[in-house]
Protein chains: 2
Amino acid sequence: MIYSSELLKGTLKTIVLKLLADNKKMYGYEITQKVKELTLDKIQITEGALYPTLHSLEADGLVTTETEFIGKRVRKYYSLSPSGKNKTKEKVSELADFMETMKFLLDIKPKTA
Amino acid sequence: MIYSSELLKGTLKTIVLKLLADNKKMYGYEITQKVKELTLDKIQITEGALYPTLHSLEADGLVTTETEFIGKRVRKYYSLSPSGKNKTKEKVSELADFMETMKFLLDIKPKTA
DNA sequence: ATAGATACATTAGATTCTTATGTATCTTTG
DNA sequence: CAAAGATACATAAGAATCTAATGTATCTAT
């Protein structure tokens, strides 16, 4: 089972930032595989979603990049900048808070009005 | 504090369905107020987001409507259809599952590789 | 050799939201 | 009683963010 794609909307950036916070530096393909692995295939990040997200994080100064060659193949590593580290804390705690609120909303008991 | 809007994406439909499951019938404005109240103003559904969502649920046969007049003012009540009730269970349980997965992802401890 | 995995990237199109606008009625308050 | 704010519906332009498709190229296993 894979979650319907709309659920990922709004959380992808946070997932990527959190992974970078935990792993120091990662490259795009590695991120897709890591998420797939950690979620037992339930969340699969497509490249069409990931790369624009990474580029946008870079444009916002939240991550920095370094290119490495593996043989002849290029690999682009992403790391959190200082402001990226702050942003990660904000986003993760906001998402955690949001999930608490959602849990409450989803558990509302029937009204006997 | 209001959650950044992107977090709502993908969860709005589920919220609406769940509220209808718990309250039998509700009208649009009532839904916005109920969500505001239950979430202590942290989630505010805008009308521009809500009405298209309600119309889409109706077009999919998940809700039925009945119009009522309060004085001269019209009020449009929405109720779950049988298929809407099934859909609600699916969506709520999928979202609950997704949130568990996200919680796990967000709690990943740093790798000491 | 060839298929599948690794690795980057872009683009057209779909979805779903925000913000603004429009219409109209009802209620409260100075 | 006029004006402001709340109630109640709705649509539309534009932004954001995803999917699905496509492209290029290298590496690895069969």
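Chain A is the first sequence line, chain B the second, and so forth, proteins listed ahead of strands; every chain is numbered from 1.
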**Q** Hey, is the side chain of Tyr51(B) poking within less than 4.0 Å of OP1 or OP2 on dA10(D), counting only N and O atoms?
**A**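 So the side chain of Tyr51(B) is outside the cut-off, no N or O lying under 4.0 Å from OP1 or OP2 of dA10(D).
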
**Q** Name the closest nucleotide to the His55(B) side chain, picking from dA10(D), dC9(D), dT10(C).
**A**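 When the side chain of His55(B) is considered, dA10(D) is the closest of dA10(D), dC9(D), dT10(C).
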
**Q** Does the pair Asp60(B) and Lys87(B) meet the rule for a salt bridge (charged side-chain N to carboxylate O under 4.0 Å, His left out), with working shown?
**A** CA-CA 11 Å; Asp60(B) 290 346; Lys87(B) 193 70 169 183; over 6 Å; no

**Q** Could you state the NZ-C1' distance from Lys34(B) to dT7(D), rounded to the nearest angstrom?
**A**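 In whole Å, dT7(D) C1' lies 17 Å from Lys34(B) NZ.
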
**Q** Nearest heavy atom decides the nucleotide; on that basis, is Ile70(A) or Gly10(A) closer to the 5' end of DNA chain D?
**A**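 Checking each residue's closest nucleotide, the 5'-ward one belongs to Gly10(A).
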
**Q** Counting heavy atoms from C-beta on, name the nucleotide in dT6(C), dA10(D), dA9(C) closest to the side chain of Lys76(A).
**A**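 My answer, after comparing the listed nucleotides, is dA9(C).
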
**Q** Tell me whether the NZ or CZ atom of Lys25(B) lies within the 45° cone about the ring axis of Tyr77(B) and under 6.0 Å from its centre.
**A**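 So Lys25(B) does make the cation-pi contact.
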
**Q** Using a cut-off of 4.0 Å on non-hydrogen atoms, how would the nucleic acid contact of Glu47(B) be classed: base, sugar-phosphate, or nothing?
**A**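 Answer is base: heavy atoms of Glu47(B) come under 4.0 Å of a base.
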
**Q** Could you tell me how far apart Leu57(B) (CG) and dT16(C) (P) are, to the nearest whole angstrom?
**A**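 Value for this atom pair: 10 Å.
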
**Q** Output the rounded distance in Å from CD (Gln44(A)) to P (dA5(C)).
**A**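 Going from Gln44(A) (CD) to dA5(C) (P), I get 13 Å.
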
**Q** Closest to the Leu12(A) side chain: dC18(D), dT7(D), dC8(C)?
**A**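 Comparing dC18(D), dT7(D), dC8(C) against the side chain of Leu12(A), the answer is dC18(D).
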
**Q** Taking the side chain of Lys9(B) as heavy atoms from C-beta outward, which of dC18(D), dA16(D), dA8(D) is closest to it?
**A**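 So the nucleotide nearest the side chain must be dA16(D).
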
**Q** Nearest whole angstrom, please: distance from the C1' of dA8(D) to the CG of Leu54(B).
**A**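 To the nearest whole Å, that distance equals 12 Å.
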
**Q** Of the options dT11(D), dA7(C), dT16(C), whose atoms approach the side-chain atoms of Arg75(A) most closely?
**A**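 Selected nucleotide: dA7(C).
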
**Q** Run Tyr3(B) and Thr39(B) through side chain to side chain donor-acceptor pair (under 3.5 Å) and show every step you take.
**A** CA-CA 11 Å; Tyr3(B) 298 124; Thr39(B) 65; over 6 Å; no

**Q** Between dA7(C), dC18(D), dT17(D), which nucleotide has the shortest distance from any of its atoms to the side chain of Thr53(A)?
**A**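 Shortest atom-to-atom distance from the side chain points to dC18(D).
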
**Q** Once you round it to whole Å, what is the distance between C1' of dT6(C) and CD of Glu68(A)?
**A**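 To the nearest whole Å, that distance equals 15 Å.
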
**Q** Keeping the roles fixed (side chain from Thr88(B), backbone from Gly84(B)), state whether a donor-acceptor pair exists under 3.5 Å.
**A**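 Checked: pair present.
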
**Q** Quick check for you: among dA8(D), dA7(C), dA16(D), whose closest atom lies nearest to any side-chain atom of Tyr29(B)?
**A**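 Within the option list, the nearest is dA8(D).
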
**Q** Remember a base hit wins even if backbone is also touched, and classify Gly48(B) as base, sugar-phosphate or nothing at under 4.0 Å, heavy atoms.
**A**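 The residue Gly48(B) makes base contact.
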
**Q** For Thr46(A) and for Arg73(B), locate the closest nucleotide of DNA chain D by heavy-atom distance; then report the residue assigned to the nucleotide nearer the 5' terminus.
**A**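 The 5'-side residue here is Arg73(B).
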
**Q** Using whole Å, what does the distance between atom C1' of nucleotide dT7(D) and atom CD of Gln33(B) come to?
**A**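 It is 9 Å, rounded to the nearest whole Å.
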
**Q** To the nearest Å, give me how far apart OH (Tyr77(B)) and C1' (dA8(D)) are.
**A**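 So the OH-C1' distance, Tyr77(B) to dA8(D), works out to 11 Å.
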
**Q** Rounded to whole angstrom units, what separation is found between the CE atom of Met26(B) and the C1' atom of dC9(D)?
**A**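 In whole Å, dC9(D) C1' and Met26(B) CE are 16 Å from each other.
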
**Q** Please report the shortest heavy-atom distance between Ile43(B) and Phe98(A), naming the atom on each side.
**A**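 Nearest heavy atoms, Ile43(B) then Phe98(A): CD1-CE1, 3.8 Å.
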
